[in-house]
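Lettering of chains follows the sequences in order, A, B, ..., and the numbering in each one begins at 1.
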Number of protein chains: 2
Amino acid sequence: MPKLGMEPIRKDALVKATISEIGRTGSLDVTVSQIAKRAGMSSALAHHYFGSKEDMFLAAMRHVMTIYGAEVRGALSVAQTPMDRIEAIVVASFSPANFRREAVGAWLNFWVLAQTVPQAKRLVAVYQRRLKSNLLVGLRPLAGARAETIAEGLGALIDGLYLRQVLRPGAPDGAAAAAMARDYLAAHLGAEPLQTMK
Amino acid sequence: MPKLGMEPIRKDALVKATISEIGRTGSLDVTVSQIAKRAGMSSALAHHYFGSKEDMFLAAMRHVMTIYGAEVRGALSVAQTPMDRIEAIVVASFSPANFRREAVGAWLNFWVLAQTVPQAKRLVAVYQRRLKSNLLVGLRPLAGARAETIAEGLGALIDGLYLRQVLRPGAPDGAAAAAMARDYLAAHLGAEPLQTMK
DNA sequence: AAGTTTATTGACTCGTCAATCAACAAAAAA
DNA sequence: TTTTTTGTTGATTGACGAGTCAATAAACTT
C-alpha cells in the first residue's frame with residue numbers, strides 16, 4: 001500500500017542499515033540483501049533508490065561524517081575561549097560515539113574505500129580540511145604563525161591516537177587519547193612561542 | 001615435473017602475490033585464483049599450501065611487518081646517538097617503500113582485518129609495541145620519566161601522519177611527515193624538561 | 001620393484017550475490 | 001476515468017568464487 005514520499009525515509013533507513021552492517025561485519029563485505037533486510041525492505045527496492053552498492057557506501061560515509069560534524073559543531077557552539085574550542089574538538093573526536101563498533105567499522109573501511117573510489121577520497125579530504133580549519137580558528141589567537149603547523153600536527157595526532165585506541169586489544173580509552181592530545185598542545189603552546197630558529 | 005622442496009618457494013611466491021593483488025585492487029577483495037595466477041600456479045595449489053585465503057592474508061601481513069622491521073633495524077644499526085635512533089625510526093617509517101601502493105594497501109586493509117580476525121589484531125599489536133619499544137630506547141636517555149608518554153605520542157603521530165599522507169590527494173610527501181615528527185620531538189624534548197605540574 | 005611422499009592441476013560442488021525485470025498496487029494528475 | 005507517477009517485490013539472470021577431489025607424475029625410500 002504505497003504511501004508517497006517514501007524516498008527520503010527509505011534512503012535514510014538504508015544508510016543507517018548500511019552503517020550497522022559494516023559495523024557488524026567489520027568490513028565492506030556486506031550484501032545488499034543484508035542491508036535491505038535490516039532496513040526492512042527488499043533488495044530490489046534498495047537498488048531502486050540507490051543505483052548501486054557503492055552509492056550506498058558513499059551515502060553512508062556522508063552520513064557518518066555529518067554526524068561527527070554535528071557533534072563538533074555542537075561542542076564548539078558553547079566554547080568561549082580559543083582554548084575551549086580546541087578542547088571541544090578533541091573531546092568530540094574521542095567521544096564514545098566514535099568508538100562504537102559502527103563508527104569504527106565505518107572509518108576504517110572508508111579509508112580503504114578511499115584508495116580506489118575517488119569520490120570516497122574526496123570525502124575523506126573534506127573531513128581532514130574541516131578538522132584542520134576548525135582547529136585553526138582556536139589556534140591562531142594562541143599560536144599565531146605557528147598555528148598552521150600545529151593544526152596539521154594535532155589533526156594527524158588525533159587520527160593516529162584514534163587508530164591506536166581502536167586497534168588496541170581491549171576497550172578503547174578515549175580519555176587517555178584526549179590527554180595525549182592535550183599534552184601535545186601544552187608542549188607546542190606553553191613552551192616555545194619564542195623559538196624562531198629552524 | 002615435481003621437484004622437491006617447492007613448499008617454501010611456492011609459499012613465498014604466494015605471499016608476494018597476495019600483497020601485490022591487495023595493492024592492485026586496494027582491497028581484500030581479491031580472489032585466490034588471481035593470487036595464484038600472479039604467483040604462477042593453480043588456485044588448487046594455493047589452497048594446498050595455505051589452507052584458506054585468510055591464512056594467506058595473515059602470512060602476507062607478517063611479511064609486510066617483517067620488511068618494515070628489517071628496514072628499521074637496518075637504520076638503527078648505524079645510529080650512534082639516541083637522537084640518531086629516533087631519527088632513524090622516523091625516516092624509515094616514512095620511507096618511499098612504505099608509500100608504495102602495495103604497502104599502503106596492505107596496512108589499511110590489515111587494520112580492517114584486525115577488527116574481525118583476532119590473529120590480525122595481535123599482529124598489529126606486535127607492530128605497535130615494537131615501534132614504541134624502539135622509540136623508548138632512544139627516548140629514555142633524552143627524556144627520562146617522560147619517555148613513556150612521548151613514545152606513545154610519537155608512535156601515534158607517526159601512524160596519523162602516515163594515514164594523512166596516504167589519504168591526501170596527490171603524491172604522499174614522506175619528508176613533510178618526517179619534519180612534523182621532528183617538530184613534535186623538538187617541542188617535547190627541547191622545551192619543558194622542568195615542567196612537573198599537571 | 002614396490003610403496004610412499006611431494007607436487008600439481010582440471011573439473012567440480014555448492015554457494016553467493018549484484019543487478020535487472022516484469023508485474024502489481026495505489027496515489028496523483030489530466 | 002484514464003494516464004502517469006511512485007512504491008514495491010518475487011523471480012531470474014549471469015557471473016563469480018572458495019574449497020574439495022580424483023587423478024597424474026616425479027622423486028625418494030625400502
Trainee: Looking at the side chain of Leu4(B), which of dT8(C), dG7(D), dA7(C) is the nearest nucleotide?
Mentor: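 Shortest atom-to-atom distance from the side chain points to dA7(C).
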
Trainee: For residues 109-143 of chain A, which residue pairs pass the ring-ring contact (aromatic ring centres under 6.0 Å, His included) check, not counting sequence neighbours?
Mentor: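 Matches after skipping sequence neighbours: Tyr68(A)-Tyr127(A), Trp107(A)-Tyr127(A).
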
Trainee: Residues two or more places apart in sequence or in another chain: which of them pass ring-ring contact (aromatic ring centres under 6.0 Å, His included) with Tyr184(A)?
Mentor: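 Testing Tyr184(A) for ring-ring contact (aromatic ring centres under 6.0 Å, His included), a comparison that skips the adjacent residues, returns His188(A), Tyr184(B).
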
Trainee: Please list all pairs meeting ring-ring contact (aromatic ring centres under 6.0 Å, His included) that have one or both residues in residues 10-29 of chain A, counting only residues at least two apart or in different chains.
Mentor: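 Not a single pair qualifies under ring-ring contact (aromatic ring centres under 6.0 Å, His included).
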
Trainee: Rounding to an integer number of Å, can you tell me how far Ile9(A) CD1 sits from dT6(D) C1'?
Mentor: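 Result: 13 Å.
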
Trainee: According to side-chain hydrogen bond (donor to acceptor under 3.5 Å, both in side chains), who are the partners of Arg164(B), at least two apart in sequence or on a separate chain?
Mentor: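 Counting only residues at least two positions away or on another chain, Arg164(B) forms a side-chain hydrogen bond (donor to acceptor under 3.5 Å, both in side chains) with Asp159(A).
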
Trainee: Where along residues 43-55 of chain A does a heavy atom fall under 4.0 Å from DNA chain D?
Mentor: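 Those residues whose heavy atoms fall under 4.0 Å from DNA chain D, taken from residues 43-55 of chain A in numerical order, are Ala44(A), Leu45(A), His48(A), Tyr49(A).
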
Trainee: Using a heavy-atom distance cut-off of less than 4.0 Å, which residues of residues 29-41 of chain B contact DNA chain C?
Mentor: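 Correct list: Met41(B).
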
Trainee: Can you tell me the distance, in whole Å, between the CG atom of Asp12(A) and the P atom of dG7(D)?
Mentor: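 The distance from CG of Asp12(A) to P of dG7(D) comes to 15 Å, rounded to the nearest Å.
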
Trainee: Run the salt-bridge test on Arg10(B) and Glu7(B) with the 4.0 Å N-O cut-off and return the result as yes or no.
Mentor: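 No.
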
Trainee: Pairs in or reaching into residues 7-66 of chain A: which pass ring-ring contact (aromatic ring centres under 6.0 Å, His included), with residues at least two apart or in two chains?
Mentor: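 Sorted result for residues 7-66 of chain A: empty, none.
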
Trainee: For Glu152(A), which residues count as a side-chain hydrogen bond (donor to acceptor under 3.5 Å, both in side chains) partner, sequence neighbours excluded?
Mentor: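 Scan of Glu152(A) (side-chain hydrogen bond (donor to acceptor under 3.5 Å, both in side chains), adjacent residues dropped) gives Lys132(A), Arg168(B).
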
Trainee: Going by side-chain contact (heavy atoms from CB on, under 4.5 Å), name the residues that satisfy it together with Arg122(A), two or more places apart in sequence or in a different chain.
Mentor: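 Arg122(A) satisfies side-chain contact (heavy atoms from CB on, under 4.5 Å) with Pro118(A), Gln119(A) only.
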
Trainee: Return no unless some side-chain N or O of Arg10(B) is found under 4.0 Å from OP1 or OP2 of dT8(C).
Mentor: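 The answer is yes; a side-chain N or O of Arg10(B) sits under 4.0 Å from OP1 or OP2.
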
Trainee: Whole angstroms only, please: what is the CE-C1' distance between Met6(B) and dA25(D)?
Mentor: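 Distance check: Met6(B) CE to dA25(D) C1' gives 15 Å.
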
